[in-house]
Amino acid sequence: MAETSATTGTGEQTSRPRKSSWKYIGPGIVVAATGVGAGDLVATLVAGSKFGYTLMWAAVIGCLVKISLAEAAGRWHLATGRTLFDGWRSLGAWTTVYFAIYVVVWGFIYGATAMSSSALPIVALFPDGPGLKFWAIVTGLTGLAFVWFNRYAVFEKVMTVLVGIMFVVVVYVAARVVPDVGASFAGLVPVLPDGSLLYTLGLIGGVGGTITMAAYGYWVNAKGWSNSSWMKVMRLDNRVAYLTTGIFVVAMLIVGAELLHASQLALTSGDRGLIDLGTILEDRFGPSTATLFLVGFFATSFSSLIGVWHGVSLMFADFVERFRAPADREKEHAGPAVVDRQQRSRPFRAYLLWLTFPPMTLLWLDEPFGLVIAYGVLGAFFMPFLALTLLWLLNSSRTPREWRNSWLSNGMLALAGLLFIVLCVQQVRELPW
């Protein structure tokens, strides 16, 4: 651990290392809640329905991979005093070109997806009310207004409440279906049943793995953690967050194994599969359990929506700021003051508007073929891009020597990079060319 004489990458003197404490927990909960969307829960349910408890070990490995990735992003911000996009920019112009195209195309399609996903449980809860398009627009505008008029502290509190709802609901439903404890522990032994390879890779790499993992460092700075004295705190925060994610994944695997696998029930693909699950829960446990589940479904979807509205808008604001600045100018130390300024900036608000209004047109139209292809390719490449660029940045002179990767960090990031490259190839192959 750094002593009081340590300095950041900007030469700024660090203060005495803070003791890790539960009272500081926050940014990790935000990134975990944002990364776990309704689609991830469906994918986990499907894995449980097809293979029972057999792939439980893959969920555990997936959490370890995410802990390594988020820790690396947070460590870069704290050790160097530079933002992640600033680090990417130092690797060459190709990173700027990729990110610029990605953030525009991805945001356009993701906006419509997030609004629809948040609207689905509301429509199911109020079937006699307005339709999906109405509620999708309402949730999008609500997310826009919330992020526009609030700063990080309020945002974190609301995200924590939504995570609490998600956690209670998912664990409650898993308890109601009465898990087979012996089979759960047996599932920790690595086994690959026939036809399970892609489900296994998806389970390891899919849940909680999005662009918002790259936003973790920005939320760390927004929290007020701005140098290496906060490293222990950040690491505790990150581990708690992905332990929580791991419990989500295990709980949904249990539901898939007990409720679907044993009965040979199938779900509709995509987010609508959770509506199917709500119907199954109502038939088996009554309307109160189904209603509670739909509330949890909404908390899962809406936390992802406002998380992206805030986190990716911050990244876009930083992208514009760094792009406009001369490459050789002295870098401004990343910290809460910078984040606060970026939250009030025109690029931040412009991207918020981009996420909200243009995607509404897709609620009435099928997604254009070319956009689907571009979205799929750019999205498939992002997680390999994140893992491999972090591997590069944290083994170079850009990072102070004491905070460069250990052999364990290198191994986990290399494993993540390899995993996401395989998933990338598979996702690109499955696109409707």
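All values derive from a computational prediction rather than experimental measurement.
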Taking atom types as modelled, find out whether Asp318 and Thr83 have a side-chain donor-acceptor pair closer than 3.5 angstrom.
yes
Where Leu393 and Thr399 come nearest, the two heavy atoms and their spacing:
O-OG1, 2.9 Å
Among all residues two or more places apart in sequence or in another chain, which pass the side-chain contact (heavy atoms from CB on, under 4.5 Å) test with Ala124?
Ile275, Leu294
Derivation and outcome, side-chain contact (heavy atoms from CB on, under 4.5 Å), residues Phe382 and Tyr98:
CA-CA 9 Å; Phe382 184 79; Tyr98 170 75; 3.5 Å; yes
Regarding Tyr152 and Asn221, do their side chains bring together a donor and an acceptor under 3.5 Å, going by distance alone?
no
Can you tell me which residue pairs pass the side chain to side chain donor-acceptor pair (under 3.5 Å) test with a partner in residues 302-316, sequence neighbours excluded?
Trp219-His310, Trp309-Thr356, His310-Gln343
Any chance you could lay out the side-chain contact (heavy atoms from CB on, under 4.5 Å) test for Thr96 and Trp88, step after step, and finish with the verdict?
CA-CA 7 Å; Thr96 300; Trp88 285 339; over 6 Å; no
With sequence neighbours excluded, tell me which residues meet ring-ring contact (aromatic ring centres under 6.0 Å, His included) with Phe293.
none
Answer yes if the side chains of Ser301 and Ser117 hold a donor-acceptor pair under 3.5 Å, and no otherwise.
yes
For Trp76, all residues meeting side chain to side chain donor-acceptor pair (under 3.5 Å), sequence neighbours excluded
none
For Phe298, ring-ring contact (aromatic ring centres under 6.0 Å, His included) partners two or more places apart:
Phe302
Taking NZ, NE, NH1 and NH2 as the nitrogens, is one of them in Arg239 or Glu71 under 4.0 Å from a carboxylate oxygen of the other?
no
What residues, two or more places apart in sequence or in another chain, satisfy side-chain contact (heavy atoms from CB on, under 4.5 Å) together with Tyr172?
Arg176, Thr289, Leu292
I need the minimum non-hydrogen distance between Arg75 and Ser409, along with the two atoms involved.
NH2-OG, 3.6 Å
Name all residues meeting the ring-ring contact (aromatic ring centres under 6.0 Å, His included) criterion together with Trp94; count only those two or more places apart in sequence or in a different chain, and write none if there are none.
Phe385
Checking side-chain contact (heavy atoms from CB on, under 4.5 Å) for the pair Trp225/Asp237: CA distance, chi angles, key distance, verdict?
CA-CA 12 Å; Trp225 308 344; Asp237 174 73; 3.9 Å; yes
Donor-acceptor pair, side chain of Thr34 and main chain of Val31, under 3.5 angstrom
no
Evaluation steps, side-chain contact (heavy atoms from CB on, under 4.5 Å), between Ser90 and Arg82
CA-CA 11 Å; Ser90 73; Arg82 300 168 68 182; 3.9 Å; yes
Sequence neighbours excluded, which residues qualify as salt bridge (Lys or Arg N to Asp or Glu O under 4.0 Å) partners of Arg151?
Asp340
What pairs with Val103 under side-chain contact (heavy atoms from CB on, under 4.5 Å), at least two apart in sequence or on another chain?
Phe99, Val312, Phe316, Tyr351
Is the side chain of His77 donor-acceptor paired with the backbone N or O of Val220 at a distance under 3.5 Å, no angle test?
no
Applying side-chain contact (heavy atoms from CB on, under 4.5 Å) to Val163 and not counting sequence neighbours gives Ile29, Ala33, Thr244, Phe248
Thr95 and Arg89: side chain donor to acceptor below 3.5 Å
no
Which residues satisfy the side chain to side chain donor-acceptor pair (under 3.5 Å) test with Asn238, sequence neighbours excluded?
none
Compare every heavy atom of Val320 with every heavy atom of Pro347, then report the nearest pair and how far apart it is.
CG-CG1, 3.7 Å
Who pairs with Thr279 by side chain to side chain donor-acceptor pair (under 3.5 Å), at least two apart in sequence or on another chain?
none
Heavy atoms only: give me the nearest Val249-Ala59 pair and the separation to one decimal.
CG1-CB, 3.4 Å
